[in-house]
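In what follows, a single structure is set out as structure tokens and then discussed.
Throughout, protein chains are lettered first and strands after them, A, B, ... in sequence-line order, and every chain is numbered starting at 1.
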Amino acid sequence: MHEEAQALAQSVAADEQRRSRGWQNRFRLVWGGIVLLLISFIIFSLNVEISFIQTAAPFILQGVWLTLLVSAVSICLATILAIIGALGRLSRSPLLNGIASFYVSFFRGTPLILQLLFWYLALPQIGVVLDPILCAMAALAMNYGAYMTEIFRAGIQAVPLGQREAAAALGMAPRTAFLRIVAPQAFRIIVPAIGNDFVAMLKDSALASTVGLQEILWRARNVGAKEFKTLQTFMIAGVVYWVLTIVFTAVQNRIEARLSAGDRNKATKG
Amino acid sequence: MSDMKQLSSTPATHPVHPAEKPGVLVKAGAEPVLKATNITKWFGDNHVLRGASITVWPGETVCILGRSGSGKSTFLRSLNFLEDPTDGTVEIDGVIVGADPFHTEGSERQDRIREVRMRAGMVFQEFNLFPHLSVIENCVEAPIHVKGMDRKEAEAIAEKYLAKVGLLEKRDEYPSRLSGGQRQRVAIARALTMQPKVLLFDEPTSALDPTLVGEVLKVMADLAHEGRTMIVVTHEMDFAHEAADRVYYMDQGEFAEVGPPEQVIDAPKDPRTKEFLSRFRTLGAKK
Amino acid sequence: MKIKSTLLALLTGAALVAGACGGSTASPSAAAGTVCEKAIAAGEPATTLLGKICAAGVIKIATDPAYPPYSELNAAGEYVGFDSDTARETAKRLGVTVEWVTPEWAAITAGSWAGRWDISIGSMTQTEDRAKVVDFLEPYFYESGYVIVPTTSTATKVSDLAGKTICAGESTTHSTWITGGFAGSAVVDQFNEPPTGAVLKTYPTDHECIEAYLAGRTDDWDAMAQSREFIEAAIAESDGKLRFLNEEANFAGRISFALDKSGPDTASAIVAINEIVAAMHADGTLTKFAMSNLGRDVSKP
């Protein structure tokens with residue numbers, strides 16, 4: 001009787017595994033099918049020249065280094081701005097809170113390309129001339145910092161009040177409680193947000209081409225324009241951005257998995 | 001509310017209720033370890049606490065009963081200033097902190113509040129363990145970062161108390177892996193590791209599965225019998241009856257009745273207490 | 001005031017290396033008596049443009065490297081073409097190294113460069129409007145404007161295009177010609193008036209006019225105006241769909257280096273670099289560059 005039950009359980013488990021594998025295979029087939037369709041469409045209707053792509057692609061790929069550099073530096077600066085901004089938004093001081101909420105409203109409320117042009121064209125009027133790469137970093141950092149401020153603030157506020165009360169009841173000063181109890185827990189929400197924003201920033205860095213920075217998009221336009229083939233070079237650029245996104249999303253997933261290792265079996269009944 | 005200003009200037013003398021006598025484990029001639037005087041609290045127009053006072057001697061266990069909304073949790077949380085009273089004074093182990101409803105006092109009062117909190121360990125209804133720290137780390141966090149204690153010394157103390165609550169073998173586990181009863185016991189050990197003069201329990205078993213309540217109450221009863229000073233807000237009548245030296249019944253922000261459990265629980269004098277207990281006994285199953 | 005800490009300078013340098021800054025000339029030899037050496041010896045103050053360039057040992061040159069055979073960034077990351085060769089030679093005679101900057105064309109023609117680059121050597125035609133914001137040097141070549149039409153078009157001369165839509169790049173002399181901006185100009189010789197009632201259609205760059213047409217947007221325009229080499233390249237790419245309107249030049253411009261009027265004082269730089277340009281004409285350098293890049297000598301009017 002017991003063996004029968006066990007055998008049944010085993011075959012049910014095997015069947016579920018088979019179903020799940022089957023599902024995954026069909027999922028991959030769909031991806032493959034869509035990619036094939038896209039490639040066929042491109043090859044047949046868009047006049048693709050392989051030899052041209054062979055020379056253009058390496059030239060475009062050389063821009064990856066700049067794209068990564070600009071994005072990496074900007075995300076670090078944006079994170080610092082977001083920490084300051086979130087603390088400002090949570091502050092009881094009307095001065096700090098006012099500055100922080102103005103910053104968030106303005107930089108979320110105006111288009112990024114306008115902000116970039118502001119750094120590039122408006123600052124020189126008061127004598128501050130930043131190189132294009134610095135303009136790009138400043139624009140991306142200030143813009144993303146505003147969005148991330150709100151995420152950080154929400155992350156901090158999401159830490160249950162009970163945590164702060166427990167820390168206080170143990171005699172912790174507010175700063176100690178924030179640094180050692182609240183912030184580490186807010187981290188759980190914040191880290192995925194930073195990862196998402198980095199991946200998004202990789203694409204927004206393309207705006208720097210408008211101020212002459214020779215990153216991926218600039219190179220795509222340059223190598224394509226002279227032969228009137230920007231459609232093909234933009235496609236190549238698109239693929240490059242896509243691959244970068246896939247790679248860094250996978251990296252981000254890995255990091256998140258490691259960070260939440262301590263959350264296994266989270267839901268135990270109390 | 002305009003008469004509020006005159007309330008907070010001179011500290012009133014501490015009224016001791018006639019039923020407040022040192023319990024059996026209290027050494028002769030000992031001074032009270034905790035005195036809360038005339039604790040008053042307004043939430044807007046809501047007069048939640050109406051001048052309640054309490055005296056607790058070292059080694060006593062006192063329980064505070066009352067229906068929800070009576071203010072008993074607010075009163076307990078006023079003792080360590082998680083709620084800031086509108087009027088009244090709290091004295092724990094000689095550290096005195098008064099009310100500051102108009103926020104005129106500065107950081108010096110905050111420092112004294114921290115001194116009070118270091119002497120009064122609190123156990124919460126929702127446990128409030130730090131999820132990103134292991135059990136032992138939960139316990140030593142405050143001793144190290146508030147008292148500046150050395151890690152080894154703190155861990156030794158923490159292990160002693162973890163053993164006392166029966167969870168030493170879980171020292172490196174994370175709270176998410178523990179059952180509710182285990183988490184609450186860790187919370188008790190965490191409070192004990194600060195070596196407070198008095199323990200405050202805010203409905204410690206109300207959030208627990210009925211099957212897990214017993215293990216926590218047993219730990220608390222052991223602590224009571226060892227001579228720990230404890231103030232317990234609870235609905236657990238049997239525990240109060242068995243472990244408390246004195247029981248307080250709170251009704252609408254003031255203590256309606258104070259006395260030994262044989263009186264307050266078994267033979268209440270005040271009609272409000274009577275009504276509460278009669279309803280309690282008919283509705284709830286005897287635990 | 002320029003903000004450039006050493007770290008950021010390194011980053012920018014790295015960026016430019018990545019962006020292929022091939023084309024730096026070797027440092028001047030001590031014996032060569034370059035223009036900068038003479039200028040510094042003569043006590044040129046560092047506040048003038050010439051003084052700034054010589055003191056830094058670097059000249060920042062703006063170019064739009066999407067226009068072969070004048071300016072192109074090749075796959076190896078080198079700046080090649082007639083403009084690029086001329087620029088490198090100019091820097092060599094000055095005695096400084098080249099730093100290439102690639103802003104948008106509209107930014108170059110608008111002046112107010114804020115010191116981001118010192119000079120434009122990028123096939124800029126002299127026009128009265130541009131002369132308000134930049135100082136033009138002596139011409140280094142001469143270029144004419146032509147028109148390209150679809151092969152199916154029946155037009156054979158400019159007047160056939162009356163009332164039609166004509167495409168050009170933004171801020172180019174060709175768009176100025178179409179709107180009649182060269183009537184009575186002292187620096188541009190207009191041979192043919194633009195078609196009466198012609199409607200100008202612009203794209204941010206000239207290439208987009210052609211690309212849009214070749215991609216199938218054949219209703220976009222009836223004709224497009226640009227230079228000879230550009231039109232030849234477009235025809236080559238068009239698979240027979242495009243042709244020259246005719247072999248007549250419609251206007252001829254003087255192409256010169258340009259300096260920012262709103263930057264440091266340009267007087268000494270104008271004198272010094274004009275000497276270099278004159279020398280390059282006289283000793284056949286410009287002819288040599290023109291023949292090797294374009295196959296015809298554009299350095300003569």
So for [X], is it side chain, backbone, both, or neither that comes closer than 4.5 Å to the heavy atoms of chain A?
X        : answer
B/Phe124 : side chain
B/Ala187 : neither
B/Arg77  : side chain
B/Leu129 : backbone

_Check against side chain to side chain donor-acceptor pair (under 3.5 Å), B/Arg114 and B/Gln110_ = CA-CA 6 Å; B/Arg114 268 199 293 286; B/Gln110 292 302 318; 5.3 Å; no

*asked:* Show, in sequence, the C-alpha distance, side-chain angles and deciding distance for B/Glu153 and B/Lys147, and conclude whether the salt bridge (charged side-chain N to carboxylate O under 4.0 Å, His left out) test is met.
replied: CA-CA 12 Å; B/Glu153 195 191 338; B/Lys147 286 187 172 175; over 6 Å; no

*More than 12 heavy atoms of other residues, nucleotides or ligands under 6.0 Å from CZ of B/Phe43: is that the case?*
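Atom CZ in B/Phe43 is packed in, count exceeds 12.
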
*Within a radius of less than 6.0 Å around CD of B/Glu169, do more than 12 heavy atoms belonging to other residues, nucleotides or ligands occur?*
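For B/Glu169, atom CD is crowded (more than 12 foreign heavy atoms under 6.0 Å).
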
*Between A/Phe107 and A/Tyr103, how do the two ring planes meet: parallel, tilted or perpendicular, split at 30° and 60°?*
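The rings of A/Phe107 and A/Tyr103 sit tilted, inter-plane angle from 30° to 60°.
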
*Measure A/Ala177 against the heavy atoms of chain B and call it side chain, backbone, both or neither at under 4.5 Å.*
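Contact with chain B: none, neither part.
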
*Could you check which of B/Met122, B/His145, B/Met194, B/Met118 has the highest count of heavy-atom pairs closer than 4.5 Å to chain A?*
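Highest number of pairs under 4.5 Å: B/His145.
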
